[in-house]
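Below you'll find the structure, written out as structure tokens, and then a few comments.
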Amino acid sequence: MHAYRTHRCGDLRLSHVGETVKLSGWINRKRDHGGVLFIDLRDTYGVTQCVVDEGSPLLAHAEQWRNESVITIVGKVRARPGESANTKLPTGEIEVYIDEADVQSAADVIPFQVAEDDGAGEDLRLKYRYLDLRREKMQKKIRLRNEVTASIRRRMIEQEFQEFQTPILTASSPEGARDYLVPSRLHPGKFYALPQAPQQFKQMLMISGFDKYFQIAPCFRDEDGRADRLAEFYQLDVEMSFVTQEDIFNTVQPVIEGMFEEFSDFTGTKHKIEWLPHLRYEDAMLKYGSDKPDLRNPLEIVDVSDVFARDDVEFKAFKGVISKGGVVRAIRAPKVSDRPRSFFDKLNNWAQSEGAPGLGYISFSEGEGKGPIAKFVPEAAQIQLKESAGLEDGDAVFFICDQKSKAEKMAGLARDAICDAMGNREKNIYKFCWVVDFPMYEFDETTQKIDFSHNPFSMPQGGMDDLENKDPLGVYAYQYDCVCNGFELASGAIRNHKPEIMAKAFGIAGYGKDVLEKEFGGMLNAMRYGAPPHGGCAFGLDRMIMLLADEPNLREVYAFVMNGQYEDQLMNAPSDITPEQLKDLHIKLNVPKEIKTEKAA
RNA sequence: GCGGGCGUAGUUCAGUUGGUUUAGAACGCCGCCCUGUCACGGCGGAGGUCGCGGGUUCAAGUCCCGUCGCUCGCGCCA
């Protein structure tokens, strides 16, 4: 007989009755009835009820075993007597009568419960992650993660993609997020950087002629965290040669859609999958106030600046902003005019908590406009408003007035707040959409300069011609995002594979040829020896799993993960290192004093 | 860097307008009882610097200030 087990804890059925078996696992729960003791033995495959009774010399020992101890038992499988079968368990028709038992590892009193969700805080769960991971819910999510990556690999390979690994120790690159840096021992004063993404490597693989690349790539970015952002994360990274933007969509969309379809009932509720028509970036910003709109929210934003600019409208709060170049955006909330005053007040309070002066509105009932602002908008203007916003009797309309970019953003937030207040966000559906035609450049208010708005390697639409002849802020890029339920799932572009267009594009953003050569010389050189037109995208693997598992944050879909401050309480990272290590790396610390003393105290 | 929320037993939480000798509950833990449970049940017990520091007050878990920790967001993140 095997040293530890003949079967797994989810294996045994009525057909095994009479067999002598050996099982190993964790004590999930005990039920001690004095003369008879039930032990639920658990492994990742299931739970089997094991029994000791007064006839056994083991009884006195077994009563002492604590939950979560690891034991090995040998015993006979028998049918549960009488009515005592448990239909909730796959193994519920049998039990194992324990003849021999070994305690492989006794457990101390555990800091939180494994067999049930006792609501333990996240900091504790992360500190004792190995216990947290024993819980059924975590086992399921980690299994989901495994199955999702396997499914993606299978689907990509079926489409003739080749999987690559690319360097983890690489060069710092100037654009984008802050890099994680690794000091070099062999090269004093020099540093490697961990890749923010394998961007340049995958492009060079295209230049190398591989045609269809993918990688489930670790990426590292040293910026502050969010529920959907971590220091290290994984992307399904994709790149293809000789393709247009639509070719890329048509290739990756079935992979993502098929994978989502495969796991869309993970939560126990089947989710529909819907892929909406492409959305232009500018339209997204106007209609939804976001470049990653949640399209389960049916509300749309319209511009009604014209209405409030009319001479017969006397609402000074808005007029003042409009005269300084501002805009008024409106959100129609259908059939809410009969809601109590508190409905509108709550939204107003919400807007103030977001730093807005308030959230003005007019509600229409019995053909009449009502609400605090209505008296400033005469009937003729109300008619124009109704037409612009598609208002019907019984509707209300909310207003946001500010300078364009601020108004867009606030309207986007208000759109979600109103939707939630109304309770009409669509459920049990994944609504996907490609957001396309991102602007190549944007005006940076803080530096008062034109800069790349997304990836500087993107190909400008219209190529050299547009760069030379158009207002830079009017140049679009072949740059796109894939959006699902309010998350940016992917970002991608057709790349700029022509060095001369690259030079021009960087020049417009204020980077000279010397800078370009210094920072991206390797990439530029590669383009000079025959570069195919190419493009790709990268999907946030963790965000996709988070959506499928219906979890509110990324940390829930990793086995091991840092907390919100990017500290790992389990492994104690980041940590101090020895003076010898620092010396090897030619590094002297220069830590601000107050930080030192805080940490010491 | 900034803002919101939270911090009371091992865990999750309650704790009224500041006011009664010993700050409660559930789960967990320890002891005793119980032969058919499966969230077993019953009786009993241990367990607290109310995050920390200061202040107001006759009196602070409760009010004020500071600070630390966790969390969500803003900035940041092509």
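Letters A, B, ... are given to chains in the order of the sequence lines, protein chains preceding strands, and every chain is numbered from 1.
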Original post:
When the P atoms of B:A25 and B:A46 are considered, how many whole Å apart are they?
Top reply: 12 Å
Subject >> N/O donor-acceptor pair, side chain A:R78 with base B:G36, under 3.5 angstrom >> reply: yes
Original post:
What is the nucleic acid contact for A:R125, judged by heavy atoms within less than 4.0 Å: base, sugar-phosphate only, or nothing?
Top reply: nothing
**OP:** Indicate, yes or no, whether a donor-acceptor pair under 3.5 Å links the base of B:C30 to the side chain of A:R66.
**Re:** no
**OP:** Looking at every strand, decide which applies to A:A85 at a 4.0 Å heavy-atom threshold: base, sugar-phosphate, or nothing.
**Re:** base
Original post:
Does the side chain of A:N563 come under 3.5 Å of the side chain of A:D123 through a donor N or O and an acceptor N or O?
Top reply: no
Original post:
Touch check for A:F38, heavy atoms < 4.0 angstrom, all strands: base, sugar-phosphate only, or nothing?
Top reply: base
Original post:
Base, sugar-phosphate, or nothing for A:R29, non-hydrogen atoms under 4.0 angstrom?
Top reply: sugar-phosphate
Original post:
Quick one: is B:C40 close enough that its OP1 or OP2 comes under 4.0 Å of any side-chain N or O from A:R31?
Top reply: yes
Subject >> Option among A:Q203, A:H497, A:K202 that satisfies the side-chain hydrogen bond (donor to acceptor under 3.5 Å, both in side chains) test with A:H534 >> reply: A:Q203
Original post:
To the side chain of A:A177, which of B:C77, B:C38, B:C34 is closest?
Top reply: B:C77
**OP:** Rounded to the nearest angstrom, tell me the gap between atom CG in A:D568 and atom P in B:C70.
**Re:** 13 Å
**OP:** Decide, applying a 5.5 Å centre-distance limit and a 30° plane-angle limit (both strict), whether A:H33 stacks on B:C34.
**Re:** no
Subject >> Rounded C1' spacing from B:C58 to B:G18 in Å >> reply: 12 Å
**OP:** Name the nucleic acid region contacted by A:Q196, choosing base, sugar-phosphate or nothing; use a 4.0 angstrom heavy-atom cut-off, strictly under.
**Re:** sugar-phosphate
Subject >> Donor-acceptor pair (no angle test) under 3.5 Å: A:R229 side chain, B:C76 base >> reply: yes
Original post:
Considering only the C1' atoms, how many Å lie between B:U12 and B:C29, rounded to the nearest integer?
Top reply: 16 Å
Original post:
In whole Å, what separates the P atom of B:U8 from that of B:G51?
Top reply: 6 Å
Original post:
Which atoms form the tightest heavy-atom contact between A:I508 and A:I450, and what is the distance?
Top reply: O-CG2, 4.1 Å
**OP:** Quickly work out the A:I110 CD1 to B:G28 C1' distance and round it to whole Å.
**Re:** 8 Å
**OP:** From the options B:C29, B:C70, B:G73, select the nucleotide whose nearest atom is closest to the side chain of A:A227.
**Re:** B:G73
**OP:** To the nearest Å, give me how far apart CD1 (A:I94) and P (B:C38) are.
**Re:** 18 Å
Subject >> A:F452 and A:Y441 aromatic centres sub-6.0 Å >> reply: yes
Original post:
Rounded to the nearest 0.5 Å, how far apart are OH of A:Y566 and CG of A:L230?
Top reply: 5.5 Å
Original post:
Do the side chain of A:R226 and the base of B:U71 come within less than 3.5 angstrom through a donor-acceptor pair of N or O atoms?
Top reply: no
Subject >> Selection from B:U35, B:C76, B:C40 that lies nearest to any side-chain heavy atom of A:E223 >> reply: B:C76
**OP:** Sticking with atom C1', work out how far B:A60 lies from B:G54, rounded to a whole angstrom.
**Re:** 13 Å
**OP:** Check every strand shown and say whether A:P111 touches a base, only sugar-phosphate, or nothing at a heavy-atom separation below 4.0 Å.
**Re:** sugar-phosphate
Original post:
Does A:D179 reach the main-chain N or O of A:L181 with its side chain, forming a donor-acceptor pair under 3.5 Å?
Top reply: no
Original post:
Are the aromatic ring centres of A:H278 and A:F249 under 6.0 angstrom apart?
Top reply: yes
Original post:
What is the nucleic acid contact for A:L124, judged by heavy atoms within less than 4.0 Å: base, sugar-phosphate only, or nothing?
Top reply: sugar-phosphate
Original post:
Starting at CD of A:Q352 and ending at P of B:G4, how long is that distance when rounded to a whole Å?
Top reply: 16 Å
Original post:
With respect to the phosphate group of B:A39, does any side-chain polar atom (N or O) of A:K88 fall under 4.0 Å of OP1 or OP2?
Top reply: yes
Subject >> A:E68 CD - B:G10 C1' separation (whole Å) >> reply: 15 Å
**OP:** Please determine, for the side chain of A:Q64, which listed nucleotide (B:G31, B:C38, B:C77) has the closest atom?
**Re:** B:G31
**OP:** Can you label the angle between the A:Y558 ring and the A:Y234 ring as parallel, tilted or perpendicular, going by 30° and 60°?
**Re:** tilted
Original post:
For A:E122 and B:C72, what is the distance between atoms CD and P respectively, to the nearest whole Å?
Top reply: 6 Å
Original post:
Can you find an N or O donor on one side and an acceptor on the other, under 3.5 Å apart, linking the side chain of A:E95 with the base of B:G36?
Top reply: yes
Original post:
Say you pick atom P in B:U16 and the same atom in B:G24; how far apart are they, in whole Å?
Top reply: 14 Å
**OP:** Scan A:G119 against the nucleic acid and name what it touches under 4.0 Å (heavy atoms): base, sugar-phosphate only, or nothing.
**Re:** sugar-phosphate
Subject >> Along RNA chain B (nearest heavy atom to each residue), the more 5'-positioned of A:G176 and A:D118 >> reply: A:D118
**OP:** Decide whether A:D481 and A:Y281 meet the rule of one side-chain donor and one side-chain acceptor closer than 3.5 Å.
**Re:** no
**OP:** Please check the phosphate of B:C70 (OP1 and OP2 only) for any side-chain N or O of A:N563 closer than 4.0 Å.
**Re:** yes
Original post:
With rounding to whole Å, what would you report as the distance between B:C6 and B:C63 at their P atoms?
Top reply: 11 Å
Original post:
With respect to the side chain of A:D123, which nucleotide from B:C29, B:C70, B:G36 is positioned closest?
Top reply: B:C70
Subject >> Sugar-phosphate, base or nothing in reach of A:K127, heavy atoms under 4.0 Å >> reply: nothing
Original post:
A:E63 CD to B:C30 P: how many Å, rounded?
Top reply: 12 Å
Original post:
Taking both distances under 3.5 Å as the test for a Watson-Crick or G-U pair, what stems of at least three pairs does RNA chain B have?
Top reply: B:1-7 with B:68-74, B:10-13 with B:24-27, B:29-33 with B:41-45, B:51-55 with B:63-67
Original post:
Would you say the side chains of A:Q461 and A:D437 form a donor-acceptor pair under 3.5 Å?
Top reply: yes
Original post:
When you measure from the side chain of A:L89, which nucleotide among B:C38, B:C29, B:G1 comes out closest?
Top reply: B:C38
Original post:
Which part of the nucleic acid does A:S458 contact within heavy-atom distance under 4.0 Å: base, sugar-phosphate only, or nothing?
Top reply: nothing
Original post:
Only one of A:R29, A:E136, A:R135 forms a side-chain contact (heavy atoms from CB on, under 4.5 Å) with A:E116, so which one is it?
Top reply: A:R29
Original post:
Looking for any heavy atom pair under 4.0 Å, which part of the strands does A:D53 touch: base, sugar-phosphate only, or nothing?
Top reply: nothing
Subject >> B:U57 versus B:C65 - spacing of their C1' atoms, nearest Å >> reply: 16 Å
Subject >> Out of B:C27, B:C72, B:C38, whichever nucleotide has its closest atom nearest the side chain of A:Q113 >> reply: B:C27
Original post:
Hey, are A:Y97 and A:D53 close enough side-chain-wise for a donor-acceptor pair under 3.5 Å?
Top reply: yes
Subject >> A:G121 or A:V51, whichever maps to the more 5' nucleotide of RNA chain B >> reply: A:G121
**OP:** Specify the separation, in whole Å, of atom OH of A:Y180 and atom C1' of B:C76.
**Re:** 13 Å
